[in-house]
Amino acid sequence: MKRIVVSLLFFIALLAIWGIAASSGRWSPVLFPSPWSVAEYLRGALLDGTLVEAIYVTMKRLLVGYAIGLLIGLPLGLLVSSSQMLEDTVGALALGLQTLPSVCWVPLALLWFGQTEGAMLFVVVMGTVWSVIIATDHGARTIPPIYARAARTMGSQGLHLWIRVMLPASLPFLVSGMKQGWAFAWRSLMAAEIYVTILTGFGLGQLLHYGRELQAMDQVIGAMAMIVIIGSLADRILFSPWERFVHRRWGTNVK
Amino acid sequence: MNMGEAQRQGVTSEHGSGASSKLIVESVSKWFRTPRATVHALDGISIEVAAGEVVCLVGPSGCGKSTLLDIIAGLTKPDSGHVLADGQLVTGPGRQRLVVFQEPSLFPWLDVFGNVMFGLKLCPELTNGERREIAHRFLVLVGLEKFERVHVHELSGGMKQRVALARALAADPQVLLMDEPFGALDAMTREHLYDDVQRIWRDSGKTIVFVTHNMREAVCLGDRVLLMSQAPGKIIQAFDIPLPRPRSIYDVDLVGHAARIADALRGTVGGGVPE
Ligand SMILES: Nc1ncnc2c1ncn2[C@@H]1O[C@H](COP(=O)(O)OP(=O)(O)OP(=O)(O)O)[C@@H](O)[C@H]1O
Ligand SMILES: [Mg+2]
């Protein structure tokens with residue numbers, strides 16, 4: 001409870017400082033809008049449906065791209081962890097490509113797919129898949145072998161061993177791998193939406209992009225605020241329950 | 001010491017001969033190859049364990065006791081030699097040979113009760129009600145019935161080992177392979193469990209291979225005590241323990257036997273330096 005109050009106070013103070021700075025008149029309100037005009041923009045966008053539409057379009061792209069990234073990355077990561085040869089080949093490739101900021105995939109995606117949803121998806125998947133492979137590979141290598149040994153002497157084998165032992169044993173790193181994948185997917189999608197200006201859907205990144213084109217600073221900041229809010233909400237809703245489960249059961253991070 | 005005689009003593013026993021042998025370990029050798037060195041862990045080990053016999057393995061640290069249990073369990077393949085269980089060649093682990101491991105082996109994603117249930121769920125002949133009843137019974141046996149819903153990381157080291165023991169016993173294997181299961185326990189709990197192991201053994205006739213560093217523990221539990229040499233591990237001497245059961249570790253005869261084995265062990269480790 002106390003922690004909630006403290007963080008609430010912090011953000012209120014931040015807004016207050018922003019408000020005071022904006023109303024001091026030192027900067028042009030066109031370049032430095034007040035919190036009220038941003039809030040006003042967000043309210044308007046919410047009422048006329050552009051904001052809801054943008055969030056819907058963005059989330060759809062994100063979830064599809066993320067799902068594809070996981071579907072490729074998790075099994076590939078497990079495979080890589082089980083073979084030295086794959087580690088030296090696919091693992092090394094993943095390690096290299098992961099260092100590539102996802103926005104660097106945009107030119108290639110545009111040339112290959114043109115201004116399409118496909119280009120967008122490609123960037124998100126490329127941004128996600130490598131980090132998921134690396135996190136899964138690393139995690140699977142650190143599962144203590146004693147779990148599988150103990151289970152096998154009790155008669156567990158094949159599918160049972162994978163589902164009842166290896167899967168739960170890998171929860172700690174699966175959660176962190178999926179979380180990392182999510183963060184990368186989110187960042188790549190924003191990069192893609194800003195650079196791939198297609199008309200089949202108008203996402204949050206595009207809202208941001210056109211805010212700049214129109215010199216509408218309240219729209220730029222409003223879109224940024226929405227991106228932050230959605231990013232952290234997703235983190236809370238999707239991953240916190242799992243993280244708490246892992247912390248409770250494994251006794252990690254107990255205060 | 002006469003090695004040939006010791007080896008023979010190790011192989012045969014008054015309990016086990018031929019058909020009634022539950023476990024036969026035949027000239028098993030094992031090398032571990034690491035990038036830096038090759039460790040010769042076991043050198044031509046032969047053991048025969050009769051059905052319902054308790055055999056204790058003692059020997060200096062690093063002599064290959066855990067490795068030998070792994071091979072008997074089917075978790076590790078020997079480089080030469082083989083293991084027969086009920087006359088069948090052991091090619092992999094199976095739930096007739098359960099291991100209580102030296103290191104903690106409980107699953108952190110399950111609570112205490114769930115851990116004991118894990119092995120029971122792999123026994124298709126039981127109903128769910130029976131499984132719960134058995135799990136509860138064995139947790140009572142090791143004195144942890146109040147901790148059924150506790151997470152593994154909230155247990156002490158000794159409590160974890162008691163859960164692991166309950167998990168192995170509950171699944172009712174014919175052969176129990178126990179690797180220093182009582183190492184982390186206080187003397188009182190341990191003595192309590194000696195009584196329990198002896199009772200369970202008497203009631204169920206399980207075949208037990210028990211690894212320990214504690215001579216009195218070995219003599220208290222074992223029908224036979226096998227002494228292993230420093231790496232590469234060999235069976236260098238076998239002691240029959242003809243004491244009546246149930247045994248108490250305070251029994252004078254028992255202490256005498258333990259001292260005899262401790263002397264022999266000292267001979268293998270320190271070149272016969274008296275203490
Ligand atoms: N996986 C492994 N890789 C390499 N060497 C190993 C491995 N497992 C065991 N060894 C080596 O084999 C030898 C026997 O090990 P083992 O664990 O069987 O000893 P132990 O008799 O159980 O010892 P302790 O009483 O200390 O538990 C040791 O020298 C050890 O270093
Ligand atoms: Mg050992």
Side-chain angles (χ1 to χ4, degrees), chain A residues 74 78 81-85 87-88 135-136 138-179 239-255, chain B residues 66 69-76 85 90-112 114-126 149-156 160 163-165 167-173 175-179:
Chain A
L74 288 179
L78 283 177
S81 77
S82 65
S83 138
Q84 191 60 51
M85 211 223 354
E87 173 81 30
D88 295 338
T136 312
H138 175 76
R141 279 175 192 278
T142 51
I143 300 178
I146 185 77
Y147 296 149
R149 286 172 11 107
R152 285 169 62 211
T153 64
M154 286 186 272
S156 171
Q157 51 176 304
L159 205 60
H160 184 276
L161 186 66
W162 277 98
I163 292 176
R164 295 286 161 165
V165 182
M166 298 316 272
L167 189 68
S170 55
L171 260 187
F173 74 78
L174 275 189
V175 171
S176 64
M178 287 175 69
K179 195 174 161 173
F239 299 108
S240 282
W242 290 102
E243 283 184 310
R244 249 177 290 132
F245 175 83
V246 167
H247 288 328
R248 244 195 349 265
R249 289 298 168 113
W250 269 256
T252 46
N253 198 27
V254 273
K255 299 210 175 81
Chain B
S66 300
L69 282 201
D70 274 0
I71 290 173
I72 296 174
L75 288 169
T76 304
V90 170
T91 52
R95 71 182 173 92
Q96 282 320 322
R97 279 162 287 119
L98 270 190
V99 188
V100 180
F101 291 93
Q102 190 173 10
E103 66 261 47
S105 63
L106 299 179
F107 303 137
W109 57 92
L110 299 173
D111 60 14
V112 166
N115 266 283
V116 179
M117 285 291 280
F118 184 92
L120 289 168
K121 286 193 181 146
L122 287 157
C123 303
E125 67 277 11
L126 298 174
R149 291 297 160 204
V150 163
H151 302 323
V152 169
H153 75 91
E154 293 162 338
L155 299 173
S156 75
K160 282 184 194 137
V163 177
L165 187 65
R167 176 172 77 175
L169 290 174
D172 196 29
V175 177
L176 259 179
L177 306 169
M178 303 169 84
D179 199 348

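Heavy atoms only: backbone and side chains are in, while hydrogens, waters and symmetry mates are out. First the proteins, then the strands, lettered A, B, ... as listed; each starts at 1. The shown structure was predicted, so the numbers you read here are calculated from the model rather than taken from an experiment.
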### Task
Drop me the distance from Arg248(A)'s CZ to Glu154(B)'s CD, to the nearest 0.5 angstrom.
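Here the rounded value is 10.0 Å.
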With a 4.5 angstrom heavy-atom cut-off, is it the side chain or the backbone of [X] that approaches chain A, or both, or neither?
X: Pro104(B); value: backbone
X: Leu177(B); value: neither
X: Leu110(B); value: backbone

### Task
Quick one: which of Pro168(A), Ala151(A), Gly155(A), Ala150(A) has the most heavy-atom pairs under 4.5 Å with chain B, could you say?
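Option with the greatest count: Pro168(A).
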### Message
I'd like to verify something: which residue of Pro108(B), Ala73(B), Gly92(B), Pro93(B) has the highest number of heavy-atom pairs under 4.5 Å with chain A?
### Response
Pro108(B)
Is the [atom1] atom of [X] crowded by more than 12 outside heavy atoms at less than 6.0 Å?
X: His138(A); atom1: NE2; answer: no
X: Trp250(A); atom1: CH2; answer: yes
X: Glu87(A); atom1: CD; answer: yes
X: Arg164(A); atom1: CZ; answer: no

### Beyond-backbone contact of Leu98(B) with Met154(A), side-chain heavy atoms, under 4.5 angstrom
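The answer is yes; the side chains approach within 4.5 Å.
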### Task
Please examine the side chains of His160(A) and Lys121(B), heavy atoms only from C-beta on, and report whether any two atoms are closer than 4.5 Å.
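Side chain of Lys121(B) against side chain of His160(A), heavy atoms only: no contact under 4.5 Å found.
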Minimum heavy-atom distance [X]-[Y], with the two atoms named:
X: Arg249(A); Y: His153(B); value: O-CD2, 3.1 Å
X: Phe101(B); Y: Thr153(A); value: CZ-CG2, 4.2 Å
X: Val165(A); Y: Phe107(B); value: CG1-CE2, 4.5 Å

